[in-house]
2 protein chains.
Amino acid sequence: MFESTKLLRTHGIPVTAQRLAVLRAIREQPHGTAEAIAEEVRSKIGSISKQSIYNTLGSFVEKGLLRRIQPAGSPALYEGRVGDNHHHLICRACGKTVDVDCAVGKKPCLTAANDAGFVIDEAEVIYWGTCPACLVTTTK
Amino acid sequence: MFESTKLLRTHGIPVTAQRLAVLRAIREQPHGTAEAIAEEVRSKIGSISKQSIYNTLGSFVEKGLLRRIQPAGSPALYEGRVGDNHHHLICRACGKTVDVDCAVGKKPCLTAANDAGFVIDEAEVIYWGTCPACLVTTTK
DNA sequence: GTCAAGTTTTGGACTCAGTCCAATTTATTG
DNA sequence: CAATAAATTGGACTGAGTCCAAAACTTGAC
């Protein structure tokens with residue numbers, strides 16, 4: 001039995017061709033949009049509906065199999081690296097997205113200077129900048 | 001002459017009723033959406049087109065008069081507090097948004113653990129959680 | 001104060017990402 | 001293998017924002 005099948009079963013998720021293909025697509029696209037993942041899936045199993053893509057990605061995010069990030073000015077991105085507290089670095093010019101570990105150790109990000117009585121459950125950090133490739137073209 | 005008029009002039013922005021009203025609306029709505037600001041403006045000057053709202057807010061952001069934040073699952077919010085490096089704390093349940101100062105002093109947020117050769121110009125931090133009011137209703 | 005030139009504002013069409021819904025197909029359990 | 005519950009499909013729809021051309025303004029020069 002394939003790893004992916006086992007993964008779904010252990011999470012109590014019925015195994016379908018679409019879900020397996022989405023899992024596979026995520027492995028090839030570390031930070032793909034729903035549309036990009038749909039394309040990847042179609043290249044493997046022929047077709048998948050928009051709705052199934054969103055259903056699948058949504059339930060995977062709920063079960064903790066995937067993480068969804070929603071950067072300003074971009075559709076949501078999905079990534080398979082979960083369970084750690086890493087953040088993202090995004091190029092303003094080309095959208096290239098890379099993972100970065102938390103700057104200040106393990107999980108200190110969760111402490112805001114003044115929490116206004118909120119119970120904080122996540123600190124989302126996005127570093128914006130310019131990637132090496134775009135630096136070259138813009139300074140020319 | 002009004003403060004707002006002076007502010008626009010010093011930034012070389014032609015003064016129009018719409019722009020003055022947007023400036024005024026921002027003062028009343030510390031974290032408003034484009035739509036909320038449009039409503040506020042309409043209550044003051046009668047009407048404003050969608051396009052003008054976006055033009056105005058967009059150019060104000062460019063000139064540094066306003067800051068735009070784009071939290072996941074919400075339309076963009078605009079705020080008048082600019083020039084400092086503060087972050088935001090957002091309630092997942094009701095969307096309430098409050099300002100928080102940078103947790104780690106002045107501007108250390110700009111240092112990622114490993115920058116992959118990027119030139120970073122901004123660290124955007126959003127703390128997600130539940131506000132006091134929503135805590136009460138959900139734990140009941 | 002008036003005029004010309006260049007911006008803004010308008011409103012309507014349009015795009016993009018994502019959601020909603022009913023009908024059909026599929027996976028799982030007994 | 002049948003019954004049931006769940007997933008998939010496709011098409012309509014929504015919300016946020018952009019694009020465009022025409023009309024209305026601000027501004028700076030006279």
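The chains referred to below are lettered A, B, ... by the order of the sequence lines, with proteins before strands, and numbering in each begins at 1.
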Looking only at the side chain of A:K50 (C-beta and beyond, no hydrogens), which of the listed nucleotides D:dC19, D:dT9, C:dG18 gets closest? C:dG18

In whole angstrom, what separates B:I48's CD1 from D:dC25's P? 14 Å

Going by atom types alone, do B:S4 and B:R9 pair a side-chain donor with an acceptor below 3.5 Å? no

salt_bridge(A:R92, B:E122) N-O dist < 4.0 Å: yes

Proximity to the side chain of A:A76 - top-ranked nucleotide from C:dG18, D:dG17, C:dC21: C:dG18

Selection: residues 11-46 of chain A, any non-hydrogen atom under 4.0 Å of DNA chain D: A:P14, A:T16, A:Q18, A:R19

Between A:E79 and A:R68, is the closest basic N to carboxylate O distance under 4.0 Å? no

D:dT27, D:dT8, C:dT10: which one has an atom nearest the side-chain heavy atoms of B:R9? D:dT27

Among C:dG18, C:dT10, C:dC21, which is the nearest nucleotide to the side chain of B:N55? C:dT10

Verify the distance criterion only: is there a donor paired with an acceptor across the side chains of A:H88 and A:D99 at less than 3.5 Å? yes

note: B:L77, atom CG; D:dG15, atom P; distance rounded to Å ~ 17 Å

Can you see if the side chain of A:Y54 gets near the phosphate of C:dG18 - specifically, an N or O under 4.0 Å from OP1 or OP2? yes

To the nearest angstrom, the CD1-C1' distance between A:I53 and D:dT8 comes to 11 Å

Bend angle of the helix from C:dG1-D:dC30 to C:dG30-D:dC1, from helix axes over five pairs at each end, nearest 10°: 40°

Could you go through A:R24 and A:E40, starting from their C-alpha distance and side-chain angles, then the distance that decides it, and tell me whether this counts as salt bridge (Lys or Arg N to Asp or Glu O under 4.0 Å)? CA-CA 9 Å; A:R24 200 145 66 118; A:E40 181 66 35; over 6 Å; no

Exercise: identify the closest heavy-atom pair between B:C91 and A:F118: N-CE2, 3.6 Å

